[in-house]
Q: 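Below is a structure I'd like to ask you about.
Every chain is numbered from 1 and lettered A, B, ... according to where its sequence line falls, protein lines coming before strand lines.
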2 protein chains.
Amino acid sequence: MDAEKKKRLAEKGWVSTSIQDFLGLAPDEMAYIELKLQLSRELRARRNEKGLTQAALAELIKSSQSRVAKMEKSDATVSVDLLVRSLFALDATVEDIAQALTTA
Amino acid sequence: MDAEKKKRLAEKGWVSTSIQDFLGLAPDEMAYIELKLQLSRELRARRNEKGLTQAALAELIKSSQSRVAKMEKSDATVSVDLLVRSLFALDATVEDIAQALTTA
DNA sequence: CGCAAATATGTCAAATTTGACATATTTCCT
DNA sequence: AGGAAATATGTCAAATTTGACATATTTGCG
């Protein structure tokens, strides 16, 4: 299994869990995946708190339900940009994002 | 002046300073720009701490000097992804990034 | 000053990310 | 169970971001 494949899987939660860890990934790749995971968790949490469906959030940010699903799954094709923009659209502040990053 | 133009200028520091504020930008656009500004400051700080030139950092992250310059200037064509990846390449942790975001 | 190293700016083809769409799967009611 | 709403997954053309390059400007040092 090559490194790219492994990263894609890792981002989808298949390889790495809290038990089986990010085996063989470089530290900066790990950090990048972890960051995206935290943001995607925060996104889902905020969306649910507001009682929005993925489709409703998609409309809010002028995207699509499928892309929102991918964001929340931390799909490898989703950028950090899109994640943070979506969080801001859900009224998160920069501080909220910093907080989300430090949360276990 | 349209909103896009204003945002580009704002990201380059022309419109918004600590004195003249982010006039007319939507809250989420402001937050996004602020986030990128914090990351670009942290990038420059870390690079200087390590005594690296922009060209040296560029080599480290397999990019180019000009793109590093744009990152540190928080150019509108630079993504948050590239910024955080570069920070990770300079041994920043997710916590370091969270910390940078909360710093004035 | 003079000049070399560093940084900044503009441009563009190639690479990546995007919204949209179709469709599959899961969740949660009655 | 069964069906409707929500979520997930795969694909792709269009849009955005990228590294690379040329070149301009700034910085710092003799």
Side-chain angles (χ1 to χ4, degrees), chain A residues 3-5 7-14 28-29 32-33 35-37 39-90, chain B residues 3-5 7-14 28-29 32-33 35-37 39-90:
Chain A
E4 265 315 310
K5 173 86 168 174
K7 270 195 296 185
R8 298 249 160 178
L9 290 175
E11 295 196 43
K12 291 196 172 186
W14 287 111
D28 52 354
E29 290 169 339
Y32 179 70
I33 291 173
L35 180 120
K36 293 219 306 186
L37 275 176
L39 295 178
S40 61
R41 286 190 195 113
E42 181 69 13
L43 185 68
R44 174 156 290 179
R46 280 189 174 263
R47 177 177 64 80
N48 284 335
E49 236 161 66
K50 300 220 172 197
L52 298 174
T53 63
Q54 291 183 344
L57 172 55
E59 190 170 16
L60 195 63
I61 65 178
K62 296 178 203 319
S63 181
S64 59
Q65 178 270 325
S66 61
R67 194 131 292 274
V68 172
K70 279 160 192 164
M71 279 197 258
E72 296 188 352
K73 282 282 176 183
S74 211
D75 186 282
T77 73
V78 171
S79 71
V80 173
D81 277 83
L82 188 60
L83 281 164
V84 300
R85 282 181 199 256
S86 303
L87 284 167
F88 290 144
L90 290 177
Chain B
E4 266 312 311
K5 173 84 171 176
K7 270 196 295 188
R8 299 248 159 178
L9 290 175
E11 295 197 44
K12 291 195 171 186
W14 287 110
D28 52 355
E29 290 169 338
Y32 178 70
I33 291 173
L35 180 119
K36 293 219 306 186
L37 274 176
L39 294 178
S40 61
R41 285 191 195 113
E42 180 70 11
L43 185 68
R44 174 154 292 178
R46 280 188 174 262
R47 177 176 65 80
N48 285 335
E49 238 162 65
K50 300 221 172 198
L52 297 174
T53 63
Q54 290 183 345
L57 172 55
E59 191 170 14
L60 194 64
I61 65 178
K62 294 177 201 324
S63 181
S64 58
Q65 178 270 325
S66 61
R67 195 132 290 274
V68 171
K70 279 159 191 163
M71 279 197 256
E72 295 187 354
K73 283 282 176 183
S74 212
D75 186 284
T77 73
V78 171
S79 71
V80 174
D81 283 72
L82 189 59
L83 281 164
V84 302
R85 285 208 187 137
S86 302
L87 284 167
F88 289 145
L90 290 177

Q: To the nearest Å, how far apart are A:Met71 CE and D:dA6 P?
A: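 Taking atom P of D:dA6 as the reference, CE of A:Met71 is at 18 Å.
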Q: Near DNA chain C, under 4.0 Å by heavy atom, which residues of residues 75-82 of chain A?
A: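 Nucleic-acid contacts, sorted: A:Thr77, A:Val78, A:Ser79, A:Leu82.
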Q: I need the NZ-P distance between B:Lys73 and D:dT25, as an integer number of Å.
A: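 So the two atoms are 14 Å apart, to the nearest Å.
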Q: Between OG of B:Ser86 and CZ of B:Arg67, what distance do you get to the nearest 0.5 Å?
A: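 Answer rounded to 0.5 Å: 10.5 Å.
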Q: For DNA chain C, find the residues of residues 47-59 of chain A with a heavy-atom distance under 4.0 Å and give them by number; none if there aren't any.
A: none
Q: What is the separation between atom CD1 on B:Ile61 and atom C1' on D:dT18, rounded to the nearest whole Å?
A: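 Rounded to the whole Å, the gap is 11 Å.
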Q: Are any side-chain N or O atoms of B:Asp81 and backbone N or O atoms of A:Asp81, one a donor and one an acceptor, separated by less than 3.5 Å?
A: yes
Q: Report each atom pair, protein N/O against N/O of nucleotides 21-23 of chain C, whose distance is under 3.5 angstrom.
A:
from, atom 1, to, atom 2, distance (Å)
C:dC21, N4, A:Ser66, OG, 2.4

Q: Calculate, to the nearest 0.5 Å, the distance between atoms CG and CG belonging to A:Leu82 and A:Asp75 respectively.
A: 11.0 Å
Q: Show the distances under 3.5 angstrom between N or O atoms of the protein and N or O atoms of nucleotides 27-30 of chain D.
A:
none

Q: Starting at atom CZ of A:Arg85, determine the distance to atom C1' of D:dA15, rounded to an integer number of angstrom.
A: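 Those two atoms, CZ and C1', are 13 Å apart.
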Q: Using a 4.0 Å heavy-atom cut-off to protein, can you give one letter per nucleotide of nucleotides 25-30 of chain C, 5' to 3': B if the base is in contact, S if only the sugar-phosphate is, - if neither?
A: ------
Q: Quick check: does any side chain N or O of A:Lys70 sit under 3.5 Å from a backbone N or O of A:Gln65, one acting as donor and the other as acceptor?
A: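 No: the side chain of A:Lys70 does not pair with the backbone of A:Gln65.
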Q: For the pair made of NZ in A:Lys62 and P in C:dA20, what is the distance, rounded to whole Å?
A: 10 Å
Q: Is the closest basic N to carboxylate O distance between A:Glu72 and A:Arg47 below 4.0 Å?
A: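 Here A:Glu72 pairs with A:Arg47 in a salt bridge, since their nearest N and O are under 4.0 Å apart.
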Q: Taking five pairs at each end, how big is the angle between the two axes of the helix from C:dC1-D:dG30 to C:dT30-D:dA1, to 10°?
A: 60°
Q: Would you say A:Arg44 reaches D:dA8's phosphate, i.e. side-chain N/O to OP1/OP2 under 4.0 Å?
A: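 Indeed, a polar side-chain atom of A:Arg44 lies that close.
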Q: Measure across B:Ala56 and B:Leu52 and return the closest heavy-atom pair with its distance rounded to 0.1 Å.
A: CB-CD2, 4.1 Å
